[in-house]
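Report on one structure; see the data block that follows.
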Amino acid sequence: MRKFSILFLGILMALLTLENCKPDVPDAPPGKPESDSLYIGTTYTIAKPFRFSNINNTYADSLTYEGVELGRRLFYDKHLSSTGQLSCASCHKSEFAFSDAGHAKSTNVFGPTKRNAPSVQNLLWAPKIFWDGRSATLGEQAKDAFHGEQDLNVPNAIQYLEADSEYVRLFKKAFGRPGDITEEHIYLAIQQFGMTLISSESHFDKVQRGQEQFTESEARGFQIFLTERGDCFHCHTHGNDLLMTDNIFHNNGLDSVNDVNDFTDKGRGEITGDINDYGKFKSPSLRNVALTAPYMHDGRYQTLEQVINFYSDSIKLSPTVDAIMLKANHANGGVHLTAQEKQDLLNLLYSMTDTSYTNNPAFQNPF
Ligand code: HEC
Ligand code: HEC
């Protein structure tokens, strides 16, 4: 009898779980009240990859599959621009780790963008977004991009979204009653999608997890990267984590400037107003960097070889240049790597390419 009731309970629980995972509930027929379940999305749980910092983001617990799916549609939807020609994905292409590879500057509805469109990945862990860190959340960032790049007309956008039954359904599921399509919900949905853009399956990761091995050259490259020889780790790692950025603002010595007011782009300083921040930019993650040329906030370098040559021999001085660039091992403009060391560092950077990220079907155009 006991066995039976345990079995019965088991079956009941299995059925209940199945019920919870049931896909979408159809809209109520005309004249009938809409079912409550129409307003309840399915929880989406983010798994923290190996050696990523703990998730410390207040929004990360409230993701739903429908919210993420909604965000993906909005990300790829060109109707959300004044020209009808531009979506987030126009400048953030999945095959290039969501950068606009091949373009130093992108073209928005007003003309060329001010800066290079960076790759987008693992921003759930970034306390500040954009080269100058002007947004604190991905939702704020989306608002900035919709207005700054796409010239979004909010009333028109809401009208368009309300006329699309799939959007109506997803907004209800993602945000619950009353399920209204609002400006804020547009940004929050993009934020949900943005949080799921996680890259953690490169050869580099697998080596760190003990599943694959570095080639000899990659292993040497990692040594250069992680030691005073190359000194890259100060800004492109953070503690023991594998984000490959410290998410902090630095002047890495791109320009020779005597007076901080002479920086063509004041970067972080434009936001804080502090002259000590002039010419500083957020360290980009080196993940997928082989896919995202050209490089730096203005796209000045066409190849990774040029970037490595810069760190090796061409660091320039200015009042806010990072103290690391002034260390003894950087005398005369850099750490002066040999041709072999440059090749090793390059191979290390290539090992951070994650094609399972760029090819992930969950991140592609849903239209
Ligand atoms: C016309 C091209 C263009 C469009 C359209 C565009 N972006 Fe961007 N994106 C950029 C540029 C350029 C930057 C760098 C701007 C800066 O940092 O000042 C950027 C930066 C970002 C970043 C910051 C990455 C980081 O590491 O800090 C994110 C995230 C992002 N965009 C997401 C979006 C989303 C979401 C949309 C749609 C709502 C969008 N972008 C639309 C060009 C574009
Ligand atoms: C003092 C901090 C610092 C150090 C040390 C440093 N970087 Fe950087 N790195 C940055 C910053 C900041 C940027 C962006 C600068 C900009 O665009 O103004 C950057 C940009 C890059 C880029 C371009 C990425 C992109 O998406 O545009 C690469 C590649 C790179 N660094 C690799 C390295 C390597 C390799 C080393 C070691 C030889 C190194 N960095 C050392 C801070 C640093």
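Reckoned from all heavy atoms, side chains included, excluding hydrogens, waters and symmetry mates. Order of appearance sets the numbers: ligands from 1, and atoms from 1 within every ligand.
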Seminar exercise, completed: The answer for which part of Arg115 has a heavy atom under 4.0 Å from ligand 1 is both

Exercise. What part of Phe225, side chain, backbone, both or neither, has a heavy atom within less than 4.0 angstrom of ligand 2?
Worked result: neither

Exercise. Ligand 2 versus Val335, non-hydrogen atoms closer than 4.0 Å: side chain, backbone, both, neither?
Worked result: neither

For this session: Examine the proximity of ligand 1 to Asp100 and report which part, side chain or backbone, both or neither, has a heavy atom under 4.0 Å away.
Result: neither

Exercise. What atoms in ligand 1 come closer than 4.0 Å to a heavy atom of Gln150?
Worked result: 5 (C), 37 (C), 38 (C), 41 (C)

Problem set entry | Selected option - heavy-atom contact closest to atom 5 (C) of ligand 1, from Ser87, Ser90, Pro112 | Ser87

For this session: Over 60° means perpendicular and under 30° means parallel, so classify the ring planes of Phe75 and His92, tilted if in between.
Result: tilted

Problem set entry | Atom indices of ligand 1 within 4.0 angstrom of Ile190 heavy atoms, with elements | 35 (C)

Exercise. Heavy-atom count around Asp259 CG within 6.0 Å, excluding the residue itself: above 12?
Worked result: yes

Exercise. Mind checking whether atom 8 (Fe) of ligand 2 has an N, O or S of Asn252 under 2.8 Å?
Worked result: no

Problem set entry | Which segment of Asp298 sits under 4.0 Å of ligand 2 when only heavy atoms are counted | neither

Exercise. Has His236 got an N/O/S atom less than 2.8 Å from atom 8 (Fe) of ligand 2?
Worked result: yes

For this session: With heavy atoms under 4.0 Å as the rule, classify the contact between His92 and ligand 1 as side chain, backbone, both or neither.
Result: side chain

Exercise. Using a heavy-atom cut-off of under 4.0 Å, does the side chain or the backbone of Met296 touch ligand 2, or both, or neither?
Worked result: both

For this session: For Cys91, take its heavy atoms, then give the atoms of ligand 1 lying under 4.0 Å from any of them.
Result: 1 (C), 2 (C), 3 (C), 4 (C), 5 (C), 42 (C), 43 (C)

Exercise. Given Cys235, Gly267, Ser283, which has its nearest heavy atom closest to atom 3 (C) of ligand 2?
Worked result: Cys235

Problem set entry | For ligand 1, the portion of Asn108 having any non-hydrogen atom under 4.0 Å away | both

Seminar exercise, completed: Any heavy atom of Ser106 under 4.0 Å from ligand 1? The part involved is side chain

Exercise. Does at least one non-hydrogen atom of Lys128 fall below 4.0 angstrom from an atom of ligand 1?
Worked result: no

Seminar exercise, completed: If you compare Val289, Leu286, Asp246, Ile224 by their heavy atoms, the one closest to atom 28 (C) of ligand 2 turns out to be Leu286

Exercise. More than 12 foreign heavy atoms under 6.0 Å from NE2 of His238: is that the case here?
Worked result: no

For this session: With heavy atoms only and a cut-off of under 4.0 Å, state how Lys114 meets ligand 1: side chain, backbone, both or neither.
Result: neither

Exercise. Under 4.0 Å from ligand 1, counting heavy atoms only, is it the side chain of Lys105, its backbone, both or neither?
Worked result: neither

Exercise. Taking non-hydrogen atoms only, is Tyr311 closer than 4.0 angstrom to ligand 2 via side chain, backbone, both or neither?
Worked result: side chain

Exercise. Which bit of Asn116 is near ligand 1, meaning a heavy atom under 4.0 Å away: side chain, backbone, both or neither?
Worked result: backbone

